[in-house]
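So the structure is just underneath, and the comments pick up after that.
Along the sequence shown, residues are numbered consecutively beginning with 1.
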Amino acid sequence: MAESSTVARPYAKAAFEFARDNKALQAWSQSLSLVAQAAGDSDVRERILGNPRLTADDKTRLLLEVCEDQPFDESVGNFLHLVGEKGRLAALPDIFDEFEALRAQEEKRVDVTIVSAFELDDAQQNVLAEALKKRLNREISITTQVDRELLGGVILRTGDTVIDGSVRGRLQRLREALTA
């Protein structure tokens with residue numbers, strides 16, 4: 001996994017810088033999302049990307065045909081041909097993830113996953129979003145999950161940061177403190 005993201009990083013950075021400089025972040029994001037989904041499909045991986053009989057150009061062309069519903073900007077097509085020439089089409093899902101991380105950083109936006117013991121209503125989500133917005137000084141995009149084993153409270157995840165305010169987490173920390 002680390003190897004794939006290491007391979008993806010320079011491609012994502014180059015794509016991001018080009019898209020940012022040409023004020024086309026949204027269009028590039030949509031295009032990369034589509035090709036990343038296609039490249040991540042098991043049939044595409046097996047029949048196209050993993051086919052040793054196909055040339056790099058054939059693989060890129062077939063991948064673009066799979067995504068023919070979305071007409072790509074010429075620069076995106078050129079980028080995909082370059083990625084294909086380097087034999088990195090299988091890394092497109094990671095390239096997209098890296099691109100989106102750079103885009104979120106540029107737009108001062110952060111995606112937060114909130115795991116709670118019970119379904120959060122809109123008011124509760126808004127309170128958490130406002131508190132995080134103030135703390136992180138960024139726009140917040142929330143995704144919620146329910147984990148009944150938490151008993152109560154929430155766990156907030158954003159990137160590598162985890163804030164565990166769950167009852168289960170507090171009990172675990174108490175147990176560790178008492179046994180230490």
Side-chain angles (χ1 to χ4, degrees), residues 1-42 44-45 48-50 56 59-60 63-64 66-67 69-116 120 125-147 154-166 169:
M1 186 72 148
E3 181 181 322
S4 185
S5 66
T6 301
V7 165
R9 195 168 293 118
Y11 292 101
K13 185 177 180 193
F16 171 78
E17 288 173 356
F18 180 87
R20 180 193 61 207
D21 294 347
N22 288 282
K23 300 188 182 348
L25 285 173
Q26 180 65 31
W28 271 74
S29 180
Q30 289 173 340
S31 296
L32 288 176
S33 173
L34 186 62
V35 295
Q37 287 175 2
D41 181 76
S42 59
V44 171
R45 279 190 177 279
I48 297 173
L49 304 182
K59 291 177 183 182
T60 304
L63 183 62
L64 288 169
V66 168
C67 303
D69 295 345
Q70 167 85 24
F72 293 117
D73 181 83
E74 182 180 350
S75 58
V76 174
N78 290 341
F79 174 76
L80 293 174
H81 281 286
L82 174 69
V83 171
E85 285 174 14
K86 301 296 182 183
R88 303 296 192 194
L89 290 173
L92 281 169
D94 291 314
I95 292 171
F96 172 69
D97 290 343
E98 293 285 336
F99 180 92
E100 286 300 302
L102 290 168
R103 181 176 170 213
Q105 186 176 7
E106 175 77 13
E107 296 173 347
K108 293 193 176 203
R109 177 179 43 85
V110 67
D111 296 325
V112 177
T113 301
I114 301 174
V115 182
S116 62
L120 297 176
Q125 289 182 34
N126 289 337
V127 167
L128 286 169
E130 285 301 315
L132 288 169
K133 183 177 180 178
K134 287 179 185 175
R135 182 173 181 179
L136 300 174
N137 195 26
R138 298 188 179 274
E139 290 299 315
I140 305 297
S141 174
I142 291 181
T143 305
T144 60
Q145 296 175 353
V146 175
D147 181 355
V154 296
I155 298 174
L156 306 171
R157 289 189 182 105
T158 177
D160 293 340
T161 304
V162 177
I163 301 171
D164 188 348
S166 68

Under the side chain to side chain donor-acceptor pair (under 3.5 Å) test, residues paired with S33 that sit two or more places apart: none
Excluding sequence neighbours, so at least two apart, what forms side-chain contact (heavy atoms from CB on, under 4.5 Å) with D97? D94
Give every donor-acceptor pair under 3.5 Å between a side-chain atom in residues 126-139 and any protein atom, sequence neighbours left out.
| residue | atom | partner | partner atom | Å |
| --- | --- | --- | --- | --- |
| N126 | ND2 | D122 | O | 3.2 |
| K133 | NZ | E139 | OE2 | 3.3 |

Point-to-point distance, once rounded to the nearest 0.5 Å, from OG of S31 to CG of L64: 10.0 Å
Of all heavy-atom pairs between I142 and I140, which one has the smallest distance, and what is that distance? CG1-CG2, 3.7 Å
Could you state the interatomic distance from CZ (F16) to CD (E100), rounded to the nearest 0.5 Å? 10.0 Å
F79 side chain near F18 side chain, heavy-atom distance below 4.5 Å: no
Taking atom CG of L34 and atom CZ of F96, what is their separation to the nearest 0.5 Å? 10.0 Å
Not counting sequence neighbours, which residues clear side chain to side chain donor-acceptor pair (under 3.5 Å) with D164? List them please. S166
Side chains of L89 and I48 in contact at under 4.5 Å (non-hydrogen atoms): no
Minimum heavy-atom distance between P93 and A39, given as atom pair plus value: CD-CB, 4.1 Å
side-chain hydrogen bond (donor to acceptor under 3.5 Å, both in side chains) pairs touching residues 10-26, sequence neighbours excluded, are Q26-R103
Find the distance between CD (E98) and OG1 (T6) and round it off to the nearest 0.5 Å. 8.5 Å
Looking at side-chain heavy atoms only, is the closest gap between L63 and T60 below 4.5 Å? no
Flag if over 12 foreign heavy atoms under 6.0 Å of CD, E106: yes
Calculate, to the nearest 0.5 Å, the distance between atoms CG and NZ belonging to L80 and K59 respectively. 15.0 Å
To the nearest 0.5 Å, what is the distance between CD1 on I155 and CD1 on I163? 11.0 Å
Is a side-chain N or O of R45 found less than 3.5 angstrom from the main chain of A90, in a donor-acceptor match? yes
Go through the structure and list residues passing side chain to side chain donor-acceptor pair (under 3.5 Å) with R109, not counting sequence neighbours. E107
Are any side-chain N or O atoms of T158 and backbone N or O atoms of D111, one a donor and one an acceptor, separated by less than 3.5 Å? yes
